[in-house]
Amino acid sequence: MTKGSSEYLLLGSIIALAIAFSPYLFYLYEIFPNGPVWENSVFRYESKYYEDVLTAAWTYLGKIVPLFLLFIWFFTCKHWWYHAILIPATMYLYQLIIVFYDDYYLDSAFFMDTNGLIYLAPFFIIILSIVYLIRLKIFDRVYGLDLSELDETEVSVFSNISDKDRMEIKEFQEDNDELEHSNVLVEDYYRKL
């Protein structure tokens, strides 16, 4: 038992440190050089769209850090709606891909950012559908509703008592003929439930 709690504490500490150092992660752009080309012994990077490596790094980190924090939130969230976090995460991921594409290829004939919502709309609809279905399942479990019972009961839109409950009240009234007031019967019925 101690091993499980210490692993949980270690993981929580790592996540807390990652969140605490996220501003420092964002300000890493300051170590990049000014100018259109960054050369080192490993690779060569040329910023075509921004014409400045520092500006490109600022833009990339402006997308990567929120995406990183959203993924931490998604993987550590215990609420039923945590799938909805994927929507802003997808938006940041899409923007990061667009920024990289525009800076690397500089294809002025094709800018991907012009109709971004059209490309993301199917994904948003799928995620929102999943979140709504999860909400329905939880609502049904919390309130004990079974949608298959709707076929068995005749639900009246204008009455706050369902026909099934009305039939049970009528049976209860028939069993207790000695009582005359129906309001007393309804209250008595609900007390017995």
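The nearest pair of heavy atoms linking Tyr29 to Leu61 is N-CD1, 3.3 Å. The two atoms that bring Ile134 and Trp80 nearest to each other are CG2-O, 3.8 Å, heavy atoms only. For the pair Asp103 and Tyr50, the tightest heavy-atom approach, listed with the atom from each and the gap, is OD1-N, 3.4 Å. Shown here for Ile85 and Cys77, the closest heavy-atom pair between the two residues is CD1-CB, 4.2 Å. Residues Leu70 and Pro88 come closest through the heavy atom pair CD1-C, 3.8 Å.
Judged as a side-chain contact (heavy atoms from CB on, under 4.5 Å), and not counting sequence neighbours, the contacts of Leu11 are Ile15.
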Criterion side chain to side chain contact (heavy atoms under 4.5 Å, CB included) on Ser47 and Thr55, from CA distance to verdict = CA-CA 9 Å; Ser47 177; Thr55 306; over 6 Å; no
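Checked against the 6.0 Å centroid criterion, the rings of Phe71 and Phe68 do not qualify as a close aromatic pair. Remark: aromatic rings of Trp38 and Phe43 are close, center separation under 6.0 Å. Between Tyr104 and Tyr101, the distance separating the two ring centers is not shorter than 6.0 angstrom.
In this structure the side chain of Tyr92 never reaches within 4.5 angstrom of the side chain of Leu96, judged on heavy atoms. Two residues are said to be in side-chain contact when any heavy atoms from C-beta on lie closer than 4.5 Å; Leu128 and Ile87 meet this criterion. Considering only heavy atoms from C-beta on, Tyr82 stays 4.5 Å or farther from Trp73 through its side chain. Side-chain atoms of Val53 and Tyr45, non-hydrogen and from C-beta on, do get closer than 4.5 Å to each other.
No salt bridge links Lys48 with Glu46; every basic N to acidic carboxylate O contact stays at or beyond 4.0 Å.
Note: His83 and Phe74 have perpendicular aromatic rings, judged against thresholds of 30 and 60 degrees for the angle between ring planes.
Cluster membership for Val65 and Tyr24, using ILVMFWY side-chain heavy atoms within less than 4.5 angstrom, is not shared.
Within the 3.5 Å criterion, the main-chain N or O of Pro36 finds no donor-acceptor partner in the side chain of Asp52.
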